[in-house]
Each structure stands twice: as C-alpha cells, then as structure tokens.
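First up is the structure itself, then whatever we jot down about it.
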Amino acid sequence: MTEETGTGSIEERILGGLDEEQRQVATTLQGPLCVLAGAGTGKTRAITHRIAYGVHTGVYKPSSLLAVTFTARAAAEMRSRLRDLGAGAVQTRTFHAAALRQLQYFWPQAIGGQLPNIVDYKAPLITEAARRLRTTADRATVRDLASEIEWAKVSMLTPESYVAAAADRGQPGGLDPITVSRIFQSYEDVKTDRQLIDFEDVLLLTVAILEDDPRVAASVREQYRHFVVDEYQDVSPLQQRLLDLWLGGRDELCVVGDASQTIYSFTGATPRHLLDFTDRYEHAPVVKLVRDYRSTPQVVHLANRVLAARQPEAGVPDRDIHWPTPLELVAQRENGPDPSFLEAKDDEAEAAEIAARIKKLISEGTPASEIAILYRTNGQSAAYEQALASAGVGYLLRGGERFFARREVRDAMLQLRSAARNTTTEPGVESVPQLTRDILVSLGYSATAPAASGAVREKWESLSALVALADEMAVSRAGSEIPFTLNLFVAELEERAASQHAPTLQGVTLASLHAAKGLEWDAVFLVGLSEGLMPISFADDQAGYDEERRLLYVGITRARKYLGLSWSLARTPGGRANRRPSRFLDGLRPSGSSRTATPARSTKRRAAATPPLCRVCGTLLSSASERKLGRCGGCPAGYDEAVFESLRAWRLQVSQANSLPAFVIFTDATLMAIAENNPSNVSALGQISGVGKSKLERYGEAVLAILAGDSAE
C-alpha cells in the first residue's frame with residue numbers, strides 16, 4: 001500500500017534511509033517478530049519506523065499499540081522520534097508506568113477505595129522492619145536488603161518461598177536467607193500497617209487484578225492489540241507475566257534485544273524469554289541487526305573480540321543457561337584511532353593521566369559533553385573528580401541532582417511557558433531557538449560561557465543546554481508537517497521533566513558501567529580494569545564472570561571513535577604493586593601477555609567437619625570468637641600488633657565517617673583473624689569468618705591495602 005502525500009510516499013518518508021534488515025523490521029507489521037539487535041545497529045530507528053509505518057498504512061490504530069521499554073529516558077526518546085514521524089499518539093511507556101496507569105484506573109472498580117500511596121524509598125521501612133525483629137541493620141545492610149527484596153518480588157517469590165530460591169545467592173548484609181525472609185515479611189507488614197505499596201507492588205497488583213477479574217483483563221486486551229518490547233533481554237519473570245496477561249494468548253508482539261547486553265541479572269532480569277522466543281512462537285521471523293553505525297571499525301573489532309574470547313573458568317561449573325553465539329558486529333563507519341591501553345603505577349596516576357588525555361581531546365575540538373569516564377563501582381569516581389578538577393575540566397556525575405529540579409531550569413520553564421501563552425506570533429515567523437535565547441537572557445544566559453566557575457558556571461550550563469535543545473529540535477523538525485513552535489518546545493520540556501529526560505550538558509560524564517547502558521559518546525575511557533574490579537570480586541561462578549564480560553562489552557560499545565582502557569598496579573602512591581590487569585584483557589592488550597593463572601577451584605566434596613581445636617595448644621575451642629581466631633584466648637597471638645592496630649585505626653575512621661558502631665564493620669575477633677591469616681588477595685580474605693560478600697565488596701580493597709603496608713587513609 002502506498003499513500004501519496006505532499007512530501008512523497010509513505011515508503012519514501014518512513015522507509016527511506018533504512019538498511020535492508022531495518023526495512024525488514026519496519027515492514028513486518030503483523031504476528032510475532034524477534035529482532036536481535038547488536039549495540040549501535042539502529043534498533044530504536046528500526047522499531048519506531050515500524051510503528052510509524054504501521055500507523056500510516058492503517059495496520060495499527062495509534063491508541064491500540066503499546067510500546068514498552070525499561071527506562072523513562074528511553075521511553076521519552078522513543079516518543080520524541082514517533083512524534084517526528086507523525087505517530088505521536090502511540091503509547092510509549094516503561095513497564096512500571098504502563099502498569100501504574102492501569103492500576104490507577106481499575107483499582108476503584110476492582111478493589112474499591114483509593115490506590116495506596118507509593119513509597120519512593122524502601123530504606124526507612126526496611127529499617128523499621130528490622131527494628132521490629134530486634135535486628136541491627138546499618139545503612140549498607142539496608143541497601144543490600146532493599147536490592148534483595150526487589151529481586152525476590154520481581155522473581156515472584158514470597159517471604160516463604162524466598163529461602164529455598166536464595167540458597168545460592170550469598171548473604172546480603174551478611175544475613176542468612178531465613179533472617180532475610182523474616183525481614184522481608186516484616187517489611188510487607190510495615191507497608192500494610194501504613195497502607196503503602198512499593199514499585200514492585202505496582203506490577204504485582206496489576207498482575208493480580210488481571211488474573212482475578214476477567215472484565216478488567218478483557219478491557220485491557222480490547223484497548224491494546226499490538227505490543228512492542230524494547231531491551232527484551234532485561235525482562236524479569238514478573239514483567240513477562242504481566243506481558244502475557246496483556247497479550248491474553250494473542251501473538252501480536254515484536255520484541256527487540258541482545259543477549260550479549262544482559263547486565264542486570266542481579267535485579268531479576270533474564271534473557272531466557274528472548275532466547276526462548278522462537279520456542280513460544282514457532283513461526284516468528286528473526287531479524288538480526290549487525291551493522292554498527294555508532295563505532296569505528298577499531299572499536300567494533302575490540303568489542304567482538306571481548307565476547308569471542310569467553311572461556312569457562314578452570315574448575316568453575318558452567319551451569320548458566322545455554323548462550324548462543326554472540327552477534328558479530330560489522331562496522332559501517334570510517335576508520336578511527338586504535339583503542340589505547342594504559343597501565344598506571346597507582347590510582348592517582350591513572351586518574352591524572354586520563355584527565356590529561358581528556359584535556360588534550362577537548363583542546364583538539366571534542367566537546368566535553370562527548371567524553372565519558374566509566375567505572376565498575378561508584379566509589380571509583382572520587383579520584384577522577386579530583387583529577388578533572390585539578391586539570392580545570394568540568395564534569396557531571398550521572399545520577400546526581402536531577403536537571404529539571406534545578407532552580408534555574410524551573411524558572412526558565414516558567415518564563416518559556418508564559419511566553420508561549422502570550423505570544424501572538426504566527427508559527428514559524430520567528431525562530432524558536434532565537435525566542436528561547438531572548439527569553440533566557442534575563443535569567444543569565446549569554447552566547448559565551450562565563451569566566452567564573454562554581455554555581456555561576458553551572459547555571460549557565462543549564463540554560464545553555466535548553467538553548468541547545470531548541471537548536472536540535474529546530475533542525476530535526478525542519479520540513480515536518482507540524483511546524484515547530486514555542487508551544488511545541490514547552491510541551492517537549494514538560495514531557496522531558498515528567499520522565500527526567502535531561503538534555504545534554506557540557507561537561508565530561510562520570511558514570512558507572514551499568515548507568516551508561518543506552519548512552520554513547522565520541523570518547524570513552526574505561527578505567528580501573530584490574531582483577532577484583534573487572535570482574536568484580538564477588539563474581540565467583542561462571543554466570544558471574546560472563547555477566548562481567550558482557551558489562552565490559554557494553555562499556556566498549558558506548559564509544560563512537562576514541563576508546564581508552566586503563567588499570568593501575570597499586571591502590572595508593574607508594575603502595576605495593578599487587579594488582580593485575582583484568583583477565584578480560586588477556587590477548588587484547590598490545591603486549592599480548594596473559595595474567596598469572598589463578599589456582600583452579602577445587603571440585604572435590606568438602607570433608608566432614610572436625611571438632612575445632614586450638615592451633616597452639618590443641619584444646620577444644622568453645623566460644624565463637626575462639627573458633628574464629630582458631631586458638632584459645634589465653635594462647636599467644638600469631639599476628640603483628642602493629643598490623644592489628646592499623647586495622648583498628650582504619651575501622652574507627654570508617655565508623656566515624658558513616659556514623660556506624662565499629663563492631664558493625666568488623667568485630668575485634670574478625671580483625672585479629674585477618675591480621676593472623678594475613679590474606680594477600682580478595683579470595684583469601686573472603687574465606688575468613690566474619691567477612692561476607694557485602695563486606696568484602698565494601699571494605700576488601702582497603703583491608704588488603706593495609707595488610708600490604710599502605711596507609712589506612
């Protein structure tokens with residue numbers, strides 16, 4: 001079907017410019033469809049053009065199609081593209097937003113009364129839940145418990161069924177599964193007492209209503225007849241259950257994903273639904289998008305090699321799901337520089353060198369907003385904040401203050417909204433970008449950046465970002481049937497504010513690898529790529545190692561042109577150089593050298609337990625503290641008193657900085673055991689009683705640094 005318009009046929013307007021595989025996605029409008037889309041292959045372009053083509057050809061009714069994705073930012077980006085394609089009436093939401101909308105609408109008739117308030121943060125309720133059970137939980141433990149409860153709920157586990165399911169998950173906050181289960185139940189009781197629900201309850205309650213009330217289910221299925229799910233590799237069991245209920249046995253479903261970008265399994269996400277899609281829908285066509293339009297051939301080649309090099313770890317059972325051969329990306333861009341590899345003597349030197357390289361890139365014309373430093377844990381950001389500040393380079397912490405909460409941004413939106421209401425100018429007569437500049441001048445905007453730093457500079461950057469967005473929209477809407485007006489710009493800002501879809505700010509981005517998913521920059525520096533951080537120390541099985549490898553792959557594929565990979569040999573200047581580069585860089589670094597092989601994990605069954613005896617005098621040990629030390633309290637200690645005192649001094653600093661009792665960090669008995677055993681690596685430290693996974697993650701590096709003779713700072 002071809003519909004002629006004043007600006008050309010639908011095929012020309014919507015399908016023109018798509019490659020062969022993208023065009024196949026865009027024109028397969030009915031029945032199930034599975035799109036396997038590698039990083040940078042234009043998946044959002046393919047599915048938005050598919051939706052728009054379906055709307056304009058009459059196959060889809062805009063109000064009957066629901067497109068769901070995983071972040072408000074991604075949903076906002078999809079809505080913006082659909083508006084540009086003349087399909088702005090299509091519903092594009094996150095799973096939670098779509099479920100909440102339905103829950104709010106159907107609650108009065110299905111349950112009665114008003115929907116309970118939704119809690120923004122679980123921490124206060126979990127603290128209260130633990131207190132009811134007379135269990136002490138510091139802030140770090142509460143954070144771990146919140147994550148564990150979220151995982152349990154999206155995995156559709158109850159407090160009762162959690163215990164068996166969590167047998168292999170370690171101990172969040174050092175708590176055993178039974179204790180976590182009791183706190184989980186207490187947390188649910190606290191919510192009930194206060195008539196509150198959390199974000200997972202939004203999905204659970206929507207599922208319950210759809211399952212229990214046929215009238216509600218029929219109404220939803222009458223409303224939505226076609227579904228598109230982006231980032232399908234990140235679907236949790238609970239989200240899949242909701243999707244199944246929406247479908248009601250129908251097969252009008254298009255899913256898009258890439259198993260090689262599965263990096264959120266700790267939240268309950270699983271690629272099984274993507275990998276099993278053709279088992280559920282046997283006749284579903286599968287389209288593979290492998291043409292990478294984002295990155296240079298050099299970056300693409302490295303990304304392909306990282307995935308291809310996956311090898312099962314010696315002695316570690318490979319019990320994960322069967323993973324298919326990764327999509328091999330084919331670069332479409334021109335050649336660029338080879339990725340750089342940097343080995344620094346310590347963290348401070350690594351950060352200083354990265355800052356120097358960034359400053360050089362900026363001086364050569366790369367905008368600061370097109371540069372990112374990505375790391376495995378948020379605790380690594382401090383060194384780079386300091387190094388960039390010392391180099392005079394502005395930076396932004398992703399996850400910091402929300403853009404639309406800034407006072408100057410709120411004032412700017414008020415001014416723009418007022419001007420839009422009062423303007424009598426015909427659309428297009430005066431350019432929206434120029435109008436925006438004129439309006440924001442009174443708030444402090446100028447064409448050139450101020451020489452001052454701090455708050456003055458930050459305010460200018462916020463206003464400048466709004467002007468830049470107006471410029472971008474004017475270009476993207478050029479030639480559109482709907483003229484770009486100030487009212488349209490204000491509507492875009494309000495929608496972005498609702499979804500926290502901030503415009504681009506000037507400054508180098510600092511972000512964790514997880515937070516960088518879905519983003520891209522001209523230049524990316526992947527830092528801290530040493531064993532214990534990449535892979536992270538608590539990845540202790542094949543599934544964990546594989547997910548860490550995929551996380552590195554995601555980081556590499558964020559770069560368009562420049563890519564730097566770096567690691568350091570010591571934590572602090574003058575410290576012992578006991579670090580090794582990540583095993584994932586083996587064979588990729590220019591030297592081609594391999595890491596020292598780690599001992600294979602024993603697969604032998606554990607020997608039967610023997611009575612705990614003092615290693616000094618051979619007496620049976622009776623108390624828990626003696627068993628932890630491995631000796632009687634009266635027998636001589638086998639450790640260096642200076643080391644023990646250094647550990648105690650460090651513990652005091654940490655307890656004061658975090659307002660925690662010292663024993664919550666480590667008891668004296670645990671510190672003695674650490675000092676006596678003198679572990680030289682993360683694995684050995686983790687074997688000491690009292691050092692669980694969560695404490696190993698939080699304090700492991702600092703403890704090892706002290707044992708190695710570094711400062712306790």
Side-chain angles (χ1 to χ4, degrees), residues 294-303 306 333-398 449 453 457 461 504-513 515-516 519-530 533-534 551-573 577 579 581-582 584-585 588-591:
R294 175 187 299 160
S295 305
T296 63
Q298 288 76 10
V299 172
V300 169
H301 179 59
L302 185 66
V306 164
R333 288 191 57 177
E334 69 283 356
N335 280 318
D338 288 330
S340 65
F341 294 83
L342 167 67
E343 182 175 275
K345 60 183 180 180
D346 53 59
D347 287 352
E348 187 177 308
E350 182 184 2
E353 177 60 25
I354 296 302
R357 294 186 181 192
I358 286 174
K359 191 167 185 177
K360 184 172 185 293
L361 278 175
I362 294 173
S363 69
E364 292 172 349
T366 302
S369 60
E370 286 295 344
I371 303 174
I373 298 175
L374 307 181
Y375 34 74
R376 179 60 179 84
T377 66
N378 288 321
Q380 294 170 261
S381 72
Y384 295 92
E385 293 177 55
Q386 179 61 49
L388 291 172
S390 298
V393 176
Y395 63 87
L396 306 161
L397 275 172
R398 184 158 179 80
S453 58
R457 175 71 184 223
E461 287 176 346
T504 302
L505 290 166
Q506 288 302 315
V508 174
T509 299
L510 298 179
S512 71
L513 285 162
L519 303 174
E520 59 186 77
W521 296 269
D522 283 346
V524 169
F525 293 88
L526 305 178
V527 301
L529 300 181
S530 59
L533 285 172
M534 178 57 67
L551 187 58
L552 177 60
Y553 169 80
V554 166
I556 290 171
T557 55
R558 300 309 95 197
R560 299 192 191 104
K561 185 176 181 181
Y562 303 100
L563 176 64
L565 302 96
S566 62
W567 61 94
S568 65
L569 299 177
R571 177 172 173 265
T572 57
R579 286 179 174 172
S582 169
F584 300 147
L585 302 181
L588 303 181
R589 291 178 285 143
S591 65

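Here, residue 1 is the first one in the sequence, and each next residue gets the next number.
The one candidate from Arg560, Lys561, Arg558 that meets the salt bridge (charged side-chain N to carboxylate O under 4.0 Å, His left out) condition with Glu370 is Arg560.
For the pair Asp346 and Thr572, the minimum side-chain heavy-atom distance is 4.5 Å or more. Taking 4.5 Å as the limit, some side-chain heavy atom of Trp567 sits within range of a side-chain heavy atom of Phe341. Here the side chains of Arg589 and Pro581 are in contact, with some heavy-atom distance below 4.5 Å. Counting heavy atoms from C-beta on, the side chains of Val508 and Phe525 never come closer than 4.5 Å. Leu361 has its side chain out of reach of Asp522: every pair of non-hydrogen atoms, C-beta onward, lies at least 4.5 Å apart. Leu552 is listed as a side-chain neighbour of Leu529, based on a closest heavy-atom distance under 4.5 Å. Using a 4.5 Å heavy-atom cutoff, the side chains of Val554 and Leu513 are not in contact. Contact annotation: the side chain of Leu519 never approaches that of Thr509 to less than 4.5 Å [non-hydrogen atoms, C-beta and beyond].
Distance check, rounded to the nearest 0.5 Å: CG of Leu551 to CZ of Phe584 gives 9.0 Å. Ser340 contributes atom OG, which lies 7.0 Å from atom CD1 of Ile354 (distance to the nearest 0.5 angstrom). Taking OG from Ser566 and CD from Glu343, the interatomic distance works out to 10.5 Å, rounded to the nearest 0.5 Å. Separating the OG atom in Ser530 from the CZ atom in Arg376 is a distance of 12.0 Å, to the nearest 0.5 Å. Note that CD of Glu350 and CG of Leu569 are 9.5 Å apart. Values are rounded to the nearest 0.5 Å. Atom CD1 of Ile362 and atom CZ of Arg357 lie 15.0 Å apart (nearest 0.5 Å).
For the pair Asp347 and Arg571, the salt-bridge criterion is not met [side-chain N within less than 4.0 Å of a carboxylate O].
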For Met534 and Leu526, what are the C-alpha separation, side-chain angles and deciding distance, and is it a side-chain contact (heavy atoms from CB on, under 4.5 Å)? CA-CA 10 Å; Met534 178 57 67; Leu526 305 178; over 6 Å; no
- request: Show your working on side-chain contact (heavy atoms from CB on, under 4.5 Å) between Ile371 and Val393 and close with a plain yes or no.
  value: CA-CA 11 Å; Ile371 303 174; Val393 176; over 6 Å; no
Please evaluate residues Leu565 and Leu588 with respect to the criterion side-chain contact (heavy atoms from CB on, under 4.5 Å), reporting the C-alpha separation (whole Å), side-chain torsions for both, the decisive distance (0.1 Å), and the verdict. CA-CA 11 Å; Leu565 302 96; Leu588 303 181; over 6 Å; no
Decide yes or no on side-chain contact (heavy atoms from CB on, under 4.5 Å) for Gln386 and Ser390, but give the supporting numbers first. CA-CA 6 Å; Gln386 179 61 49; Ser390 298; 3.1 Å; yes
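Scanning both residues, Asn378 and Ser512, for their nearest heavy atoms gives OD1-CB, 3.7 Å. Pairing each heavy atom of Gly336 with each of Gln298, the nearest pair is N-OE1, 2.9 Å. Taking each heavy atom of Ala383 and Ala351 in turn, the nearest pair found is O-CB, 3.6 Å. Of all heavy-atom pairs spanning Ala559 and Ser295, the tightest one is O-OG, 2.6 Å. Closest of all the heavy-atom pairs between Ala570 and Arg579 is O-NH1, 3.6 Å. Closest approach of Leu533 and Gly528 over heavy atoms only: CB-O, 3.5 Å.
Taking a 6.0 Å sphere around CD of Glu348, one finds it holds 12 or fewer heavy atoms contributed by other residues, nucleotides or ligands.
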